[in-house]
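Here's the structure, in structure tokens; my notes come after.
Source: prediction; values computed, not measured.
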Amino acid sequence: MQKRWQIGIAVFVLMLATVFGVGASQLQSDPGYAGIGAAFVPAVVSIFLGIVGALLLWQAVTGGYRNFTDDLIGVATDNWGALWVTGGILLMAALITKIGFVLAATVLFTFVARGFGSKSWLRDAITGAFLVFPVFWLFTLVLDVNLPRLFSGWL
């Protein structure tokens, strides 16, 4: 039995792939010394989203999403983890320019850990911070990428 909301999700992912693809095609694509241009990663993301959207659409029209149960307002109770992960991603996107990369990525790690079943917020936040600091240092000190910071000159 196909469900309209499943088809809607698939169509949304396909539209997102199209938007990314159009955006990627409009980027300047001077390959530079690396041999790939600025459009490479957005193009790969749009292709990936297109494949995922096509597979979701195929599943939606051939019997519905597999291993997905509806029992609470159209959202499966065993799929709450996906909502935690999605919430973490959206929260990180909203907070990264306000609280900096380190704290926003720590929040993301904490939400993802919760999505995978962890119940210890404090332990997850500490673990996330310990994992995020080296990434921050790698990007800012080694690769010279300017990531958002909470305090200028903090590290």
Positive for ring-ring contact (aromatic ring centres under 6.0 Å, His included) with F133, one of F130, F136, W137
W137
Under 4.5 Å between side-chain heavy atoms, counting indirect links through other Ile/Leu/Val/Met/Phe/Trp/Tyr residues: same cluster for V11 and V61 or not?
yes
Atom pair CG (L14) and CD1 (I9), whose distance is rounded to the nearest 0.5 Å:
12.0 Å
Within the structure provided, determine whether R114 and W80 are in side-chain contact (heavy-atom separation under 4.5 Å).
no
Separation between CH2 of W58 and OG1 of T62, rounded to the nearest 0.5 Å:
4.5 Å
Check whether any side-chain heavy atom of L103 sits under 4.5 Å from a side-chain heavy atom of L95, and report yes or no.
no
Single-linkage hydrophobic cluster V135~V112, side-chain heavy atoms < 4.5 angstrom:
yes
With side chains defined as the heavy atoms from C-beta onward, is the minimum distance between L91 and L108 less than 4.5 Å?
no
Exercise answer: donor-acceptor pairs, residues 42-52 side-chain atoms, under 3.5 Å, sequence neighbours excluded:
residue : atom : partner : partner atom : Å
S46     : OG   : P42     : O            : 3.4
S46     : OG   : A43     : O            : 2.8

Rounded to the nearest 0.5 Å, how far does CZ of F101 lie from CE of M92?
5.0 Å
Set of residues satisfying side-chain contact (heavy atoms from CB on, under 4.5 Å) with respect to A125, sequence neighbours excluded
T106, T110
If you count every heavy atom of other residues, nucleotides or ligands that lies below 6.0 Å from F109 atom CZ, does the total exceed 12?
yes
Measuring only between side-chain heavy atoms, which start at C-beta, is T86 closer than 4.5 Å to F111?
no
Side-chain heavy atoms under 4.5 angstrom apart, residues restricted to Ile, Leu, Val, Met, Phe, Trp, Tyr: same cluster for L57 and M15?
yes
Once side chain to side chain donor-acceptor pair (under 3.5 Å) is applied, what residue pairs with a partner in residues 121-133 remain, sequence neighbours excluded?
S118-R123, S118-D124
